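Worksheet for the structure shown next.
From a predicted model like this one, the values you see are computed outputs, not experimental measurements. Letters go in sequence order (proteins before strands), and every chain restarts at 1.
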Amino acid sequence: MYKKGIYRIERNERLTETVWRMTLAGDTQWITAPGQFVNIALTGKYLRRPISVCDWDEGRITLIYKVVGEGTEQMSRLTPGAELDLLTGLGNGFSTKNDARRPLLVGGGVGVPPLYGLARQLLAAGKPVEVVLGFNTAAEIFYEEEFRALGCNVTVATADGSRGIEGFVTTAIAGAGLDFDYFYACGPLPMLHALYNAVEQDGQMSFEERMGCGFGACMGCTCKTKYGNKRICREGPVLQKGEIIW
Amino acid sequence: MYKKGIYRIERNERLTETVWRMTLAGDTQWITAPGQFVNIALTGKYLRRPISVCDWDEGRITLIYKVVGEGTEQMSRLTPGAELDLLTGLGNGFSTKNDARRPLLVGGGVGVPPLYGLARQLLAAGKPVEVVLGFNTAAEIFYEEEFRALGCNVTVATADGSRGIEGFVTTAIAGAGLDFDYFYACGPLPMLHALYNAVEQDGQMSFEERMGCGFGACMGCTCKTKYGNKRICREGPVLQKGEIIW
Amino acid sequence: MVEKVREQENAAPAVDMSVELCGVRLDNPVVPASGTFGYGYEFKDFYDINILGSFSFKGTTREPRFGNPTPRIAECTAGMINAVGLQNPGIDAVIRHELPRLRQFFRKPVIANISGFSVEEYAYCCERIDKQEQVGIIEVNVSCPNVRHGGMSFGTSPEAAAEVTRAVKAVTTKPVFIKLSPNVTDIVSIARACEEAGADGICLINTLLGMRIDVARRRPVIANTMGGFSGPAVFPLAVRMVYQVSKACRIPVMGCGGVQSARDVIEMMMAGATAVQVGAANLVNPYASKEIVEALPGEMRRLGIERLSDIIGIA
Amino acid sequence: MVEKVREQENAAPAVDMSVELCGVRLDNPVVPASGTFGYGYEFKDFYDINILGSFSFKGTTREPRFGNPTPRIAECTAGMINAVGLQNPGIDAVIRHELPRLRQFFRKPVIANISGFSVEEYAYCCERIDKQEQVGIIEVNVSCPNVRHGGMSFGTSPEAAAEVTRAVKAVTTKPVFIKLSPNVTDIVSIARACEEAGADGICLINTLLGMRIDVARRRPVIANTMGGFSGPAVFPLAVRMVYQVSKACRIPVMGCGGVQSARDVIEMMMAGATAVQVGAANLVNPYASKEIVEALPGEMRRLGIERLSDIIGIA
Ligand SMILES: Cc1cc2nc3c(=O)[nH]c(=O)nc-3n(C[C@H](O)[C@H](O)[C@H](O)COP(=O)(O)OP(=O)(O)OC[C@H]3O[C@@H](n4cnc5c(N)ncnc54)[C@H](O)[C@@H]3O)c2cc1C
Ligand SMILES: Cc1cc2nc3c(=O)[nH]c(=O)nc-3n(C[C@H](O)[C@H](O)[C@H](O)COP(=O)(O)OP(=O)(O)OC[C@H]3O[C@@H](n4cnc5c(N)ncnc54)[C@H](O)[C@@H]3O)c2cc1C
Ligand SMILES: Cc1cc2nc3c(=O)[nH]c(=O)nc-3n(C[C@H](O)[C@H](O)[C@H](O)COP(=O)(O)O)c2cc1C
Ligand SMILES: Cc1cc2nc3c(=O)[nH]c(=O)nc-3n(C[C@H](O)[C@H](O)[C@H](O)COP(=O)(O)O)c2cc1C
Ligand code: FES
Ligand code: FES
């Protein structure tokens, strides 16, 4: 289920040069799984902006977003107290109903945020959580410490080697010899594709697509899977490894 | 000369059910005559809204406007401290360079405001100022006392007779036997037309027209006069009685 | 006290929002447009869609269609471009799965939007959908700019549009509305050709052919380069075409294009529309159509309109 | 310190904004569009208009014209409708008064926008304006939707547009751009007809035929019922047509329609425009064209563009 609601900005703060974190107060009852997203109406923009839920509790949502265009730029200028019109509870989210015992979470860039809520949930279910985070360069890293603070084992890779392992998340997974029996991933398409090819284990991946509505009405975001057409906004954004067609 | 500038709202208060007064702080050097107007940019509205200058001094502009549509409704919701983008110094305004000794000012509804600055100027030039204000009904009257406070002799007419003389401004002028040798008028078209036909004296009248720019570029507001085409926004809004074609 | 109540009654007299389209009575003229309301299912969790006059379901073809590659969506000032490319499960699945599912939460006659790539396909689909009890009106989309039939769509020539109309009318019993493309020099000639070919009504406008470029990547945003532009930006074009067509034809017009408020509905009706479709607005605000229905009585009172049907074509 | 300066130089390398239109070099591609910049005079008090690439003056006809009755203007979401109806002082007054006055504050070649109600009128005006030293390019408006010649404008048929082009080319020496109407089914066929008839370039788009209704008065806002719709709302349509025409023709294209930022200029150029006109934006913000010129270098740097002419048609 999804709903429209008004949310009040509690905090809006910079994490890196271009990445911001926003916390919003309001009704969170429609959010049921990590990896779901919200769709944000912005003044003067016709379409809403989809942003993954990084974390949530009763009455509070945390979003992490990168300023890439006019919409996210506008978000970064909003101040506490301002109100936003959100659709919440969108998408399927990650499913933790599986018998994985040693899950690996793989995030790249602004694909990292939805893994945070997921990590919290997996840890709460008593599973040890291995996390690999990939960034371009040290200055772009965020949430490394937050994942550690949760109790995850965190490995960082940077493309330029300025921090952690030099290379991509796949380099890190291979290099660090990480032990896992299942993975959850979110990040840019090339990362997901490389990961898909690099690991044998089963897992889930979260995808992005340009959206008209975000709740399944417009067919703007459809992709083909081995089990038929799926709307990224509704049957996605998370797909099972086994159904993905590249 | 006209200029674009940013103005800060100092006050925005209701005068009647639908009429508001807004005072703005900012550069007023481009306003040179009563009866000129400003053109106001509003969020989400493509065209600016033309509003007459009611009064001005160094650094402050007073506007009086009636809420008739979405733009003026938006204006009524603005609060002190908010900033507005204005073009100022637009239009010719009333010319007081004439040898009138006993000027009559005739205003109807939201045609009243520009006469206030004019009255102040005429009084300063030592002329006795006769003012006739026409409204639909008593509840819609505004600025009667303000004109009196300046030192004008004020007659009010209401269409329903709920205050002052029952009838139109022309009824009042005839009925009160006002003595004047020149008039300045601003108000709805039917009022101006009736006045034109009713009085023999020479005078000036301010007109309205839908505007694209407000500064003479688009030819959106042109009217025919006995001396050729005139743009209401530039060679107007004030026309001499002798040039008007109905 | 009695006085007071009377006064309020006076202030809010009953208004009549109903309209009639070729014998089909709608409680109100508000109809979500094809392609923006799926087969109704996605909206039933937002609100009870029986508040609507009706709705037009997603353009349906003979075969199931995946549609175009993604990205299919681009943002514009006051609008959007879509290049969905008629993704739909095909007429069989619609009749077998969508209509029975719809019946569970929508009890009014629905408008069936049909598309095709040949005259035969239109006729085939319309004949089948005509037999469905739930369908009140058949809306034939001859205008989708994403789909090419020898390059041009049926909706860009009076002859082709008339041919489709004739073929469909020959095999149907329910009112047939032809939904026209605005991407034409002379909308009136096409509407009249459809009327002469037997159309019961005209729906317009479909989307305008538009394009955006991603300046960072230096290539079109839409995978298919161009797509259909709609949203509030196109409203003045839609009003103009509704006005022209309703003045030139005797059959009723469903107006569509950029509608997002009760005022827009009234403006479209004054231009000549008997019913008014709401498209992209449903996507950015899932409650848009409901909010419009709810706002109509107040707007009517403000404008002194007692019966909506009185203002059709009044301008 | 030296390091620091070098770094800044690196951060802001010189950019080249110049473009060439049929031998006429513009310092930058930004050109206020006809009808939104008068004959330049109204803008000279706002800023020094020599910062512009050039500008296109108000559509000029043989005789002086008053134009249409008022109201001539209607507001729309992200745009406006105008039905000015080609008000202008006539070609004589333009040559005798406007051009000499313009010379006092504008030292670049100007674009002369010419309109007419017959092929002979176009030819007459173009021949006269061609002789004016100050004129760099002649822009022939075959598209104004306010003006009817037997009902339809020249710009809606390839034959009529080609006929005007031939007539004008026969009597002129300067580059002739034909400015097209977007209110057509097939913009490419019209552009190609003009190219084959000898046009040196194409300018597009003019306004779209639109309409608004004053719902309180229950009648059209515009005295003439309909008018030309323009502003940011039409940008995706303009980009699409510029793209289609520049792909189909070899002659240069001036893009126009809804441009209001340096980004829009770049998008229009990537679609295929060699120069970009700014219309209605000048009316709502008199500094719009100046601000766009000033913002271009920064935008170019952000997008890694060294020479604007490199991106023409790159998408
Ligand atoms: C399910 C989902 C979850 C997402 N989660 C996050 C997140 O947690 N943090 C984050 O920073 N970003 C996330 N994104 C990407 C985010 O939606 C875009 O960065 C954002 O919409 C850009 O808006 P803009 O106005 O700044 O950019 P512009 O480029 O000006 O946007 C123009 C249009 O393109 C769309 N668009 C641009 N980039 C993307 C993109 N990558 N994916 C989808 N639409 C796009 C915009 O929504 C808008 O409609 C997510 C995207 C999806 C689909
Ligand atoms: C020179 C001049 C001076 C004016 N001075 C005043 C004044 O001092 N006080 C005051 O209350 N009103 C004044 N008006 C009228 C005022 O401009 C309109 O009431 C206002 O623009 C309405 O805007 P809206 O968005 O509320 O209405 P809407 O009807 O939603 O506006 C839609 C469009 O129509 C235009 N429009 C609507 N009514 C008028 C009108 N009467 N004249 C011109 N354009 C109109 C709007 O500017 C806008 O472009 C003046 C008009 C002119 C031309
Ligand atoms: C995402 C999307 C999909 C559409 N699909 C169809 C369709 O399948 N059949 C059809 O006739 N029109 C389709 N349309 C056009 C709309 O029904 C409508 O005619 C158009 O969008 C103009 O209305 P609007 O401005 O309110 O969106 C679609 C529009 C959108 C935005
Ligand atoms: C008020 C106004 C007057 C116009 N007059 C003319 C004209 O005389 N000749 C012409 O070729 N185009 C004329 N146009 C069209 C513009 O030059 C331009 O093609 C169109 O407005 C699209 O650009 P825009 O969206 O930037 O306004 C006029 C446009 C406006 C708004
Ligand atoms: S974004 Fe509309 S269906 Fe997915
Ligand atoms: S409003 Fe543009 S010329 Fe007067």
Side-chain angles (χ1 to χ4, degrees), chain B residues 1-6 29-30 32 38-50 67-74 85-91 189 207-225 227-237 245-246, chain D residues 32 35-47 55 58-59 64-89 212 214-216 221-223 227 229-233 258 260 279-288 290-291:
Chain B
M1 277 279 277
Y2 34 83
K3 278 280 139 87
K4 181 165 165 297
I6 301 296
Q29 65 170 303
W30 313 102
T32 53
V38 301
N39 214 358
I40 309 177
L42 296 169
T43 316
K45 297 285 142 199
Y46 193 64
L47 298 175
R48 290 171 182 264
R49 297 298 187 263
V67 173
V68 298
E70 286 181 20
T72 44
E73 207 269 323
Q74 180 182 136
D85 169 344
L86 260 63
L87 302 180
T88 65
L90 301 176
L189 211 58
F207 289 84
E208 288 187 359
E209 192 45 80
R210 299 222 170 200
M211 294 186 172
C213 64
F215 54 89
C218 75
M219 306 291 147
C221 64
T222 313
C223 70
K224 287 181 179 156
T225 76
Y227 310 120
N229 301 335
K230 294 205 168 181
R231 292 164 294 187
I232 290 293
C233 73
R234 196 151 164 138
E235 288 88 34
I245 301 175
W246 293 99
Chain D
T36 66
F37 217 71
Y39 296 91
Y41 186 74
E42 286 75 16
F43 287 85
K44 75 159 191 4
D45 289 341
F46 286 117
Y47 61 92
F55 79 90
K58 174 68 195 168
R65 282 176 57 84
F66 171 71
N68 292 325
T70 54
R72 296 176 173 181
I73 302 286
E75 166 154 298
C76 305
T77 300
M80 61 180 281
I81 293 172
N82 90 81
V84 167
L86 285 176
Q87 181 185 344
N88 79 91
R212 290 301 308 275
D214 182 332
V215 293
V221 172
I222 298 279
F229 177 43
S230 72
Q260 59 175 1
N282 295 302
L283 305 180
V284 295
N285 173 10
Y287 298 92
K290 172 179 189 271
E291 286 170 8

Would you call D/Pro71 and D/Ile222 a side-chain contact if the rule is heavy atoms closer than 4.5 Å?
no
Answer whether the closest heavy-atom distance between the side chains of B/Thr222 and B/Ile232 falls below 4.5 Å.
no
Counting only heavy atoms closer than 4.5 Å, note whether B/Leu87 contacts chain D via side chain, backbone, both or neither.
side chain
Classify the ring geometry of D/Phe46 against D/Phe43: parallel below 30°, tilted from 30° to 60°, perpendicular beyond 60°.
tilted
Any idea which of D/Met80, D/Arg72, D/Glu42 has the most non-hydrogen atom pairs under 4.5 angstrom with chain B?
D/Glu42
Does a side-chain heavy-atom distance below 4.5 Å link B/Thr225 with B/Cys223?
yes
Heavy-atom distances under 4.5 Å only: say whether D/Asn282 touches chain B with side chain, backbone, both or neither.
backbone
Side-chain touch D/Val84/D/Lys58, heavy atoms, less than 4.5 angstrom
yes
Which bit of D/Ala74 is near chain B, if near means a heavy-atom gap under 4.5 Å: side chain, backbone, both or neither?
backbone
So what's closer than 4.5 Å to chain B heavy atoms on D/Phe66: side chain, backbone, both or neither?
both
Against chain B, work out which of D/Asn88, D/Thr36, D/Thr77, D/Leu283 has the most heavy-atom pairs shorter than 4.5 Å and name it.
D/Leu283
Please flag which part of D/Tyr287 lies under 4.5 Å from any non-hydrogen atom of chain B: side chain, backbone, both or neither.
side chain
Using a 4.5 angstrom heavy-atom cutoff, name the option from B/Arg234, B/Lys4, B/Arg48 with the most pairs to chain D.
B/Lys4
Only pairs under 3.5 Å count here: list side-chain donor-acceptor contacts from residues 207-220 of chain B, not counting sequence neighbours, and write none if there are none.
{"residue": "B/Glu209", "atom": "OE1", "partner": "D/Thr70", "partner atom": "OG1", "Å": "2.9"}

